[in-house]
Amino acid sequence: MCDITFNIATSVMYGMHRDKRVVAELYKDTFFDNLKFIEKHFKIPEYLIINCRPIPKRMCMLGAAWKDQEIYVIDIEVRQCLNKFFSTLFHEMTHIEQFADGRLCAEEEDEHTYIWEGVRRERLSTIDDAYSNSPWELEADRKSEKVMRKFKRTLI
């Protein structure tokens, strides 16, 4: 049994991004309404936190995933259309699987290093051209596209 928390940022609920509140609640409801589908396509760890929030544009990303001890976390940009939101979420869910399987690890002593399938690799900036070609990103792109095609059919 997994414990999933889906947080909507305070800035979205009550602050300067409150115009996205209804959209964020729709994303949350859609996520839980389709949880069986999501569980069928992703290995969800025991503890997963999803933070739906505005991500500063300077960070040049729509989502991020990481492991903090036994808790897995996804931050996801709220200012996306439904399809892009779930495509991003599925991409980040793939990273969660990679972390949970031990195939992808963030080096604890060196914050600029990832370990992918036992090989130490430089952690690149999301604006670096080589970033999108890293093996964990390519895998997440392929899987999220495949799952998204199926997911769109469930929404019709």
Side-chain angles (χ1 to χ4, degrees), residues 1-15 17-18 20-57 59-108 111 113-118 121 123-124 126 131-132 134-155:
M1 184 75 183
C2 51
D3 181 7
I4 301 171
T5 303
F6 193 112
N7 298 317
I8 299 173
T10 303
S11 66
V12 174
M13 293 301 288
Y14 311 107
H17 297 285
R18 66 183 168 275
K20 297 297 179 193
R21 180 181 182 167
V22 171
V23 169
E25 290 172 343
L26 170 68
Y27 296 163
K28 180 178 183 176
D29 291 345
T30 304
F31 175 84
F32 285 110
D33 289 348
N34 291 279
L35 188 55
K36 294 278 188 230
F37 172 89
I38 295 167
E39 288 174 327
K40 179 180 173 186
H41 291 88
F42 296 96
K43 292 179 235 162
I44 299 177
E46 188 173 352
Y47 299 106
L48 175 63
I49 298 171
I50 300 169
N51 297 312
C52 183
R53 66 182 191 88
I55 296 174
K57 300 235 187 269
M59 296 182 77
C60 299
M61 62 184 188
L62 297 174
W66 67 92
K67 179 181 179 185
D68 185 7
Q69 297 181 352
E70 295 306 312
I71 298 173
Y72 296 81
V73 181
I74 293 174
D75 277 358
I76 187 160
E77 171 61 60
V78 67
R79 297 168 291 189
Q80 301 181 72
C81 69
L82 183 95
N83 283 344
K84 187 65 180 160
F85 180 89
F86 278 93
S87 178
T88 303
L89 180 65
F90 297 158
H91 178 100
E92 299 307 330
M93 294 284 294
T94 304
H95 290 319
I96 293 296
E97 284 185 331
Q98 294 165 342
F99 284 122
D101 291 346
R103 295 176 40 232
L104 179 61
C105 303
E107 179 62 61
E108 291 181 24
E111 65 184 45
T113 304
Y114 274 128
I115 299 172
W116 172 252
E117 296 184 340
R121 295 177 177 258
R123 187 184 298 192
L124 301 168
T126 56
Y131 175 82
S132 336
S134 57
W136 56 89
E137 289 299 324
L138 293 172
E139 180 179 293
D141 287 343
R142 280 190 305 271
K143 183 166 184 177
S144 64
E145 287 173 17
K146 180 180 173 183
V147 174
M148 194 62 201
R149 280 193 301 272
K150 295 176 184 177
F151 185 66
K152 284 180 184 178
R153 290 193 295 261
T154 69
L155 295 177

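The residues of the chain are indexed from 1 along the displayed sequence.
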Side chain to side chain, [X] and [Y], heavy atoms closer than 4.5 Å:
{"X": "Leu62", "Y": "Glu92", "value": "no"}
{"X": "Leu35", "Y": "Ile4", "value": "yes"}
{"X": "Glu139", "Y": "His95", "value": "no"}
{"X": "Ile96", "Y": "Pro45", "value": "yes"}
{"X": "Pro54", "Y": "Lys20", "value": "no"}
{"X": "Arg21", "Y": "Tyr14", "value": "yes"}
{"X": "Lys28", "Y": "Ile50", "value": "no"}
{"X": "His17", "Y": "Arg79", "value": "yes"}

**Asked** For the side chain of Ser87 and the backbone of Asn83, is there at least one donor-acceptor N/O pair under 3.5 Å apart?
**Response**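 Looks like no, no N/O pair under 3.5 Å.
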**Request:** State whether the side chain of Gln98 and the backbone N or O of Trp136 hold a donor-acceptor pair below 3.5 Å, judged by distance alone.
**Result:** yes
**Prompt:** Would you find more than 12 non-hydrogen atoms of other residues, nucleotides or ligands less than 6.0 Å from Phe6 atom CZ?
**Reply:**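 Result for CZ/Phe6: enclosed.
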**Item:** Gln80 side chain to Thr88 side chain, donor-acceptor N/O pair below 3.5 angstrom
**Value:** yes
**Request:** Please determine, by modelled atom types, if Glu137 and His91 share a side-chain donor-acceptor pair under 3.5 angstrom.
**Result:**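 The answer is yes; a qualifying pair exists.
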How many angstroms lie between [atom1] in [X] and [atom2] in [Y], if you round to the nearest 0.5 Å?
{"X": "Ile76", "Y": "Asn51", "atom1": "CD1", "atom2": "CG", "answer": "10.5 Å"}
{"X": "Asp75", "Y": "Ile49", "atom1": "CG", "atom2": "CD1", "answer": "10.0 Å"}
{"X": "Glu97", "Y": "Tyr72", "atom1": "CD", "atom2": "OH", "answer": "11.0 Å"}

**Item:** Result of checking Arg142, Lys150, Lys143 against Lys146 for side chain to side chain contact (heavy atoms under 4.5 Å, CB included)
**Value:**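 The single option meeting the side chain to side chain contact (heavy atoms under 4.5 Å, CB included) with Lys146 is Lys150.
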If you compare all heavy atoms of [X] against all heavy atoms of [Y], which two are closest, and at what distance to 0.1 Å?
{"X": "Gly15", "Y": "Arg18", "value": "O-NH1, 2.8 Å"}
{"X": "Ala65", "Y": "Phe99", "value": "O-CE1, 3.4 Å"}
{"X": "Val12", "Y": "Ala24", "value": "CG1-CB, 3.9 Å"}
{"X": "Ser144", "Y": "Thr94", "value": "N-OG1, 4.5 Å"}

**Item:** All side chain to side chain contact (heavy atoms under 4.5 Å, CB included) counterparts of Leu82, not counting sequence neighbours
**Value:**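 Leu82: side chain to side chain contact (heavy atoms under 4.5 Å, CB included) contacts with Leu26, Tyr27, Thr30, Phe86, Leu155.
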For residues 36-43, run the donor-acceptor check on the side chains, cut-off 3.5 Å, and write out each pair with its distance to 0.1 Å, sequence neighbours left out.
| unit_1 | atom_1 | unit_2 | atom_2 | d |
| --- | --- | --- | --- | --- |
| His41 | ND1 | Phe37 | O | 2.9 |
| Lys43 | NZ | Asp101 | OD1 | 3.4 |
| Lys43 | NZ | Asp101 | OD2 | 3.3 |

**Request:** Kindly determine whether Met93 and Ile44 satisfy side-chain contact (heavy atoms from CB on, under 4.5 Å), including the steps that lead there.
**Result:** CA-CA 8 Å; Met93 294 284 294; Ile44 299 177; 3.8 Å; yes
